[in-house]
Amino acid sequence: MPKERFYEQLKLTGRQRESFVRLIDSITIGNSIKPSTMKIADGQNVHEIFLLEIALKEEALPSVVVEAIAKANPHRILFLCSYGDAEEYAVYRQGKVWATEWLKSDEAKLVPHGDNLDSLWDSLCSQVIFGSADLQDVDDEIKKRQKAKGLDEEIAKLERAHGKERQIGKRNALFEKLQRARREKDALMKG
């Protein structure tokens, strides 16, 4: 499909439209995975998965383009971005664009797993986001890792504050907060 058809149909900001023009060479619907095209059961939440191939003018993930297309489409979309002989996969999940690393075309492969479209979508997202198809609950793992990242930032901030503080009472209070944050992160990572 001509890329102009995409951005004419979407409500885009000037920045998004500029990204389409500057980054995208072409957009192709590579495949549609649904019960009528493959031997797979329909999902409770996912009824069709599109593979959208985006040929790029430079090796840069067009995040604003991926997000705009995904938000405007009711289907789940697996994006395959390519530039020369390099490829990366991307998905839009939980309000964020996630992508694999850039790999040579023959190395950039996802292995579909699942007995219905819901589990297949989770498997594809798990491979793109975490590099593994083994995760059962992708959304919980995303939340867990985002919370861990927030705790890492809080721990670093508390460590800096604790190191600078000279008053013993305030220093002890900061140390107690630091220990609580570390215990919370440990519990999160174990559970």
Side-chain angles (χ1 to χ4, degrees), residues 1 3 5-7 9-12 16 19-20 24 26-56 61-82 86-152 184-185 187-191:
M1 292 180 77
K3 65 181 179 183
R5 295 256 331 255
F6 270 93
Y7 66 77
Q9 302 298 320
L10 301 173
K11 295 177 183 172
L12 301 174
Q16 291 169 325
S19 288
F20 262 97
I24 308 294
S26 67
I27 300 174
T28 307
I29 297 175
N31 206 339
S32 170
I33 302 169
K34 56 186 175 180
S36 64
T37 60
M38 295 187 72
K39 277 191 162 183
I40 191 163
D42 196 15
Q44 210 171 6
N45 299 313
V46 181
H47 306 292
E48 185 171 15
I49 301 170
F50 284 130
L51 172 63
L52 205 63
E53 298 172 2
I54 301 176
L56 300 170
L61 176 68
S63 296
V64 294
V65 172
V66 168
E67 183 175 353
I69 293 172
K71 281 182 172 179
N73 197 307
H75 302 96
R76 303 303 196 274
I77 303 173
L78 175 64
F79 295 88
L80 175 57
C81 303
S82 62
E87 295 181 342
E88 82 175 331
Y89 287 96
V91 294
Y92 182 75
R93 187 144 181 173
Q94 286 197 359
K96 183 177 177 185
V97 175
W98 304 88
T100 62
E101 297 293 321
W102 284 97
L103 298 169
K104 297 256 184 244
S105 295
D106 58 344
E107 298 171 358
K109 303 291 180 223
L110 299 180
V111 180
H113 294 284
D115 53 358
N116 64 39
L117 285 172
D118 289 335
S119 61
L120 175 61
W121 176 244
D122 283 345
S123 168
L124 293 171
C125 288
S126 177
Q127 290 175 71
V128 170
I129 299 168
F130 304 113
S132 169
D134 298 333
L135 294 173
Q136 296 299 317
D137 195 338
V138 176
D139 292 324
D140 277 351
E141 187 66 22
I142 290 171
K143 289 176 188 171
K144 178 180 168 182
R145 291 190 185 194
Q146 287 174 333
K147 183 166 178 132
K149 183 180 177 186
L151 285 169
D152 284 339
E184 185 179 349
K185 184 178 179 214
L188 178 69
M189 299 314 287
K190 290 177 185 173

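Since we're looking at a predicted model, the values are computed, not measured.
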Task: S132 side, atom OG; E141 side, atom CD - distance, nearest 0.5 Å - done: 9.5 Å
Open item on the list: Could you tell me if the side chain of C81 sits less than 4.5 Å from the side chain of W102, heavy atoms only?
Closed with: yes
Task: Spacing of N31 atom CG and M38 atom CE [to the nearest 0.5 Å] - done: 7.0 Å
Task: Separation of D140 CG from K147 NZ (nearest 0.5 Å) - done: 12.5 Å
Open item on the list: Between I69 and I27, is there a side-chain heavy-atom distance shorter than 4.5 Å?
Closed with: yes
Open item on the list: Tell me if the NZ atom of K109 is crowded by more than 12 foreign heavy atoms within 6.0 Å.
Closed with: yes
Open item on the list: Could you report the tightest heavy-atom contact between A148 and L188, atom names first, then the distance?
Closed with: N-CD2, 3.6 Å
Task: Enclosure of E107 CD (heavy-atom neighbours >12, cutoff 6.0 Å) - done: yes
Open item on the list: Check this for me, if you would: do R93 and D122 make a salt bridge, where the nitrogen-to-carboxylate-oxygen distance has to be below 4.0 angstrom?
Closed with: yes
Task: Validation row: L78, Y89 side chains within 4.5 angstrom (heavy atoms) - done: yes
TODO: Of all the heavy-atom pairs spanning L61 and E88, show the shortest one and how long it is.
DONE: CB-OE2, 3.1 Å
- [ ] Give every residue pair that meets the salt bridge (charged side-chain N to carboxylate O under 4.0 Å, His left out) criterion with at least one member in residues 72-81, sequence neighbours excluded.
- [x] none
Open item on the list: Rounded to the nearest 0.5 Å, what separates atom CD in Q146 from atom NZ in K143?
Closed with: 9.5 Å
- [ ] Quick one: pull up CD1 in I24 and CG in L56 and give me the separation to the nearest 0.5 Å.
- [x] 5.0 Å
Task: side chain to side chain donor-acceptor pair (under 3.5 Å) partners for K149, two or more places apart - done: none
Show me the side-chain donor-acceptor pairs of residues 45-53 shorter than 3.5 Å, one per line, residues at least two apart or across chains.
from : atom 1 : to  : atom 2 : distance (Å)
H47  : ND1    : D42 : OD1    : 3.0
H47  : ND1    : D42 : OD2    : 3.1
H47  : ND1    : G43 : O      : 3.4
E48  : OE1    : H75 : NE2    : 3.0
E48  : OE2    : S32 : OG     : 2.3

Task: K96: side chain to side chain donor-acceptor pair (under 3.5 Å) partners, not counting sequence neighbours - done: none
Open item on the list: Taking the side chain as everything from C-beta on, heavy atoms only, tell me whether P35 gets closer than 4.5 Å to L117.
Closed with: yes
- [ ] Taking side chain to side chain donor-acceptor pair (under 3.5 Å) as the test, write out the residues that go with K34, two or more places apart.
- [x] none
Task: Nearest atoms (heavy-atom pairs only) where K144 meets M189 - done: NZ-O, 3.7 Å
Task: Donor-acceptor contact below 3.5 Å, side chain T100 vs main chain V128 - done: no
Task: Atom pair CD (E87) and CG (D106), whose distance is rounded to the nearest 0.5 Å - done: 9.0 Å
Task: Heavy-atom side-chain contact between V97 and F79 under 4.5 Å - done: no
- [ ] Provide the full list of ring-ring contact (aromatic ring centres under 6.0 Å, His included) pairs with a residue in residues 117-151, sequence neighbours left out, each pair given once.
- [x] none
